[in-house]
Number of protein chains: 2
Amino acid sequence: MKRVYLAGPEVFLGHARLFADWKKDLCRHYGLQGLFPLDAELRLEDNASPPDTALAIFQANCHLIRSCDLLIANLSPFRGPSADPGTAYELGYAQGLGIPTYAYSEQDSEYHQRVKPCTESSGSADNSRFRDIEGLEIENFGLQDNLMLVCGLSAPLFTGHSNDAFNQQLSAFERCLAYLQVESE
Amino acid sequence: MKRVYLAGPEVFLGHARLFADWKKDLCRHYGLQGLFPLDAELRLEDNASPPDTALAIFQANCHLIRSCDLLIANLSPFRGPSADPGTAYELGYAQGLGIPTYAYSEQDSEYHQRVKPCTESSGSADNSRFRDIEGLEIENFGLQDNLMLVCGLSAPLFTGHSNDAFNQQLSAFERCLAYLQVESE
């Protein structure tokens, strides 16, 4: 059974372990073994400092990613218009290691729809681009997030129709699992 | 001369190429060759679609990272409490490839100071943790951002005292370059 690292901001939920169990059950249903960041074994001294605890979590997560055959990232927007940056990091890390990566978002909006534009540029060669209130370009390639997150995936990003990144239905996640099952047949 | 990939959200500035030149000049001053995402050569058909353009940029950036000896990431907060997720991705990608990574933020605040808490939990074993208005845990390890971004760096994150991630003074970035120069002696 292939091992799948389940990257995503659900580690921050109050019911993170329950949510992890839902995801793992769904993985099993599709013939995969889901591994969750909180599953990683921590090597910690008693009374470890917060930075030492953080380092142990980091090392355990990286070790767990390296032990997996593939990674599925939850790229639903988190505390802003983009995905959780910890998840973005893990996606890049897996791709650097050559591990196939898949991703989903429970929202189906495009990135440029989630950042408030300031003004339209007026008729220049640059007129298809928009800038935010700080004058920074709003990426607009018709993608669901920053191009670095979306373009290296082993399949198109799977999307759902919920505004809740953590809805129990997990429809976009399940769409990804169904794709992987068909691919493996 | 060592090649340094300059990861960061300054690619979205109106004066991105000018800002890139400032960073590259500073690199040269410290004996390093700075490479900027926009330096990557794009292989594009005429009239390429936006997604095809995005894919070409992605591939060119990854190719440029692989050609570098190290990476320096600008992790200053971008459109939210965390770093730009494209930069987070590139940081992870470089670490997956085994390329040494360094980072700076022009702000010196900790992550938990930048996310508005909802309520304090009351006296449980969990009492050092806080949650945001959506009930999601606010990471609080005394770090400047999500632990995945900070814990794999080859040196501590360098910080400045500006609220402007793109200030021309580039003091935190220069502190990082000075560190690398001393290390190489």
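Every chain is numbered from 1, with letters handed out A, B, ... down the list of sequences. Small disclaimer: the values here were computed from a predicted structure and weren't measured. Side chains included, hydrogens not; waters and symmetry mates left out as well; all remaining heavy atoms used.
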Using a cut-off of 6.0 Å, state whether more than 12 heavy atoms not belonging to [X] lie near its atom [atom1].
X      : atom1 : value
B/R175 : CZ    : yes
A/Q33  : CD    : yes
A/R17  : CZ    : no
A/H15  : NE2   : yes

Applying a strict 4.5 Å limit to non-hydrogen atoms, the region of B/A83 in contact with chain A is backbone
Highest number of heavy-atom pairs under 4.5 Å with chain B: which of A/L13, A/D52, A/T87? A/L13
To the nearest 0.5 Å, tell me how far [X] [atom1] sits from [Y] [atom2].
X     : Y      : atom1 : atom2 : value
B/Y89 : A/L149 : OH    : CG    : 8.5 Å
B/S82 : A/D84  : OG    : CG    : 7.0 Å
B/L55 : A/L147 : CG    : CG    : 9.0 Å

Give the intermediate values and the outcome of side chain to side chain contact (heavy atoms under 4.5 Å, CB included) for residues A/F141 and B/T53. CA-CA 8 Å; A/F141 291 109; B/T53 305; 3.9 Å; yes
Return the option, out of [options], with the maximum number of heavy-atom pairs under 4.5 Å with chain A.
options                      : value
B/I99, B/V115, B/L143, B/V11 : B/V115
B/G14, B/G80, B/G142         : B/G14
B/Y93, B/F78, B/F166         : B/Y93

Run the numbers on B/M148 and A/C62 for side chain to side chain contact (heavy atoms under 4.5 Å, CB included), then give the verdict. CA-CA 9 Å; B/M148 296 307 294; A/C62 290; 4.1 Å; yes
Closest heavy-atom contact between A/G152 and B/F58? CA-CZ, 3.3 Å
Closest non-hydrogen atom pair between A/P85 and B/D145, with its separation: CG-OD1, 4.4 Å
Sidechain-backbone polar pair: B/R131 side chain, A/F12 backbone, donor-acceptor under 3.5 Å: yes
What part of A/E90 is in contact with chain B, defined as an atom under 4.5 angstrom from a non-hydrogen atom: side chain, backbone, both or neither? side chain
Is A/L136 close to B/R79 at the side-chain level, that is, under 4.5 Å between some pair of heavy atoms? yes
